[in-house]
2 protein chains.
Amino acid sequence: MSLKHAILGFLKLMPMSGYDLKHMFDSSVQYYWSATHSQIYQTLEKMLKDNLVTQEIVHQVEHPNKKIYRVTEAGEKELHDWLSTPQDLPVMRHKLLVQMAWADELTNDEIISLLETYAARVRERLDLYHSEEQKTQLEYARSDRERFLWRMILENGIATYERELEWLQRVIEGLAEFAEE
Amino acid sequence: MSLKHAILGFLKLMPMSGYDLKHMFDSSVQYYWSATHSQIYQTLEKMLKDNLVTQEIVHQVEHPNKKIYRVTEAGEKELHDWLSTPQDLPVMRHKLLVQMAWADELTNDEIISLLETYAARVRERLDLYHSEEQKTQLEYARSDRERFLWRMILENGIATYERELEWLQRVIEGLAEFAEE
DNA sequence: CTGCCCATGTAAATGGTTACATGATTGA
DNA sequence: TCAATCATGTAACCATTTACATGGGCAG
């Protein structure tokens, strides 16, 4: 499980609530790791039981109380151990590719429509990657090396999606050769 | 759920058993969709109940009996409907990138070791993509257009992993600038 | 005689999504 | 007054992995 480890990393950067974590995942990591709020709250509970984090309730007047979590020593060790463990290739679950495998029963127009819709979503994602917000977040890095690593993560995403766009274009162009009569 | 749909596509290509399906997933689709045998058997049972497939028991002498599944009309419809539905971007769950996000607490050598191990796995995967077996499978395509689509799927995988290798190389080189004293 | 291929399953656990639920404050 | 933000949670379900389980045939 790496949701746990992604959370530990964020909390080490800065103690925060489950709500804050959700925003962190949505704004910076969403693109290579995601989590719903229910999953985050439940995982935090479990991590608390396992003594990986501590909880402090902060009473607020104008807002609901919040629970601030902090990484414990055991949590730091858990994170460090995981960080030193080589990971397998991520399992690809690429629905569009499954569709393409069996798409010969669709018309050219139908296939192209699938590809175009997908391309539009890829472009949206790319816009997010290129947004100012992403650059701002690099400011929070705690060292030049950390900033470099964060920039590399961003660039990985950008390259991934740009490559995907090129591929989509090639498929669309290639399909033209199979004009329907 | 697209395991169901990937299965329907395979069965439409050729009626087969759960065991055969497992091999199909492992040899051709593993790289963009995967499933364990337990998942396949259970899904087939469910699909049978839902009348998406029929089951025929083939008695064998030298081997255990096998259950051959065929797509029903309802199954064809289910597949066709799904094929015409645009898909969202796949959720990326890239553990190595999560590690990189928090890797500043590792030494350069430790980070590079993570990256190199990962790169070795990417190269293995690329070898699979470039293997003869992959080219042979293109023969089973039922039309030129289908063969084109299958080739594009393969090329998507190849491009993905080649890009990943380039990125890994850039990170490794970039890290050198942060030499440890 | 060892280990792989054939062929099927079940059970338990983990991970993840979706829906249901509440309720005050703030800005348009 | 409508919608969004803040802030938390539970319950049900679905998807996926891992482990447990069986047993004959065949090749080295």
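Nothing here was measured: the structure is a model prediction, and the numbers come from that model.
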Measure CG/B/D26 against P/C/dA7 and give the value in whole Å, please.
15 Å
Starting at atom CD of A/Q42, determine the distance to atom C1' of D/dA12, rounded to an integer number of angstrom.
11 Å
B/K22 has an atom NZ; how far is it from atom P of C/dG9, in whole Å?
16 Å
Name the closest nucleotide to the B/Y19 side chain, picking from C/dC6, C/dT18, C/dG16.
C/dC6
Pair of N/O donor and acceptor under 3.5 Å linking C/dT18 base with A/S38 side chain:
yes
Is A/Q39 touching bases, backbone alone, or none of the nucleic acid, heavy atoms closer than 4.0 Å?
base
Minimum heavy-atom distance B/P15-B/I68, with the two atoms named
CB-CG2, 3.9 Å
Between B/R93 and C/dG16, is there a side-chain N or O to OP1/OP2 distance below 4.0 Å?
yes
Option passing salt bridge (charged side-chain N to carboxylate O under 4.0 Å, His left out) with B/D104 (candidates A/K12, A/R145, A/R142):
A/R145
Around atom NZ of A/K77, are there more than 12 heavy atoms of other residues, nucleotides or ligands at under 6.0 Å?
no
Out of D/dT17, D/dC6, D/dC26, whichever nucleotide has its closest atom nearest the side chain of A/V91
D/dT17
B/L3 CG to D/dT17 P, in whole Å, measures 10 Å
Between the base of D/dG24 and the side chain of B/H63, is one N or O donor paired with an acceptor at under 3.5 angstrom?
no
For the side chain of A/Y69, counting heavy atoms from C-beta on, which of D/dG9, C/dG16, C/dT8 is nearest?
D/dG9
Output the rounded distance in Å from CG (B/L21) to P (C/dG9).
12 Å
Rounded distance (Å) that lies between atom P of C/dA7 and atom CE of B/M24
13 Å
Atom CE of A/M1 and atom P of D/dT17: how far apart are they, to the nearest Å?
16 Å
Looking only at D/dG23, D/dT16, D/dT8, the nucleotide nearest the B/P64 side chain is D/dG23
Heavy-atom count around A/K46 NZ within 6.0 Å, excluding the residue itself: above 12?
no
Would you kindly compare A/A35 and B/D20 by the position of their nearest DNA chain C nucleotide and give the one closer to the 5′ end?
B/D20
On the 0 to 90° scale, with breaks at 30° and 60°, tag the A/Y118-A/H94 ring pair as parallel, tilted or perpendicular.
tilted
So, is A/Y41 near the phosphate of D/dT8, with a side-chain N or O under 4.0 Å from OP1 or OP2?
yes
In whole angstrom, what separates B/I68's CD1 from C/dC6's C1'?
13 Å
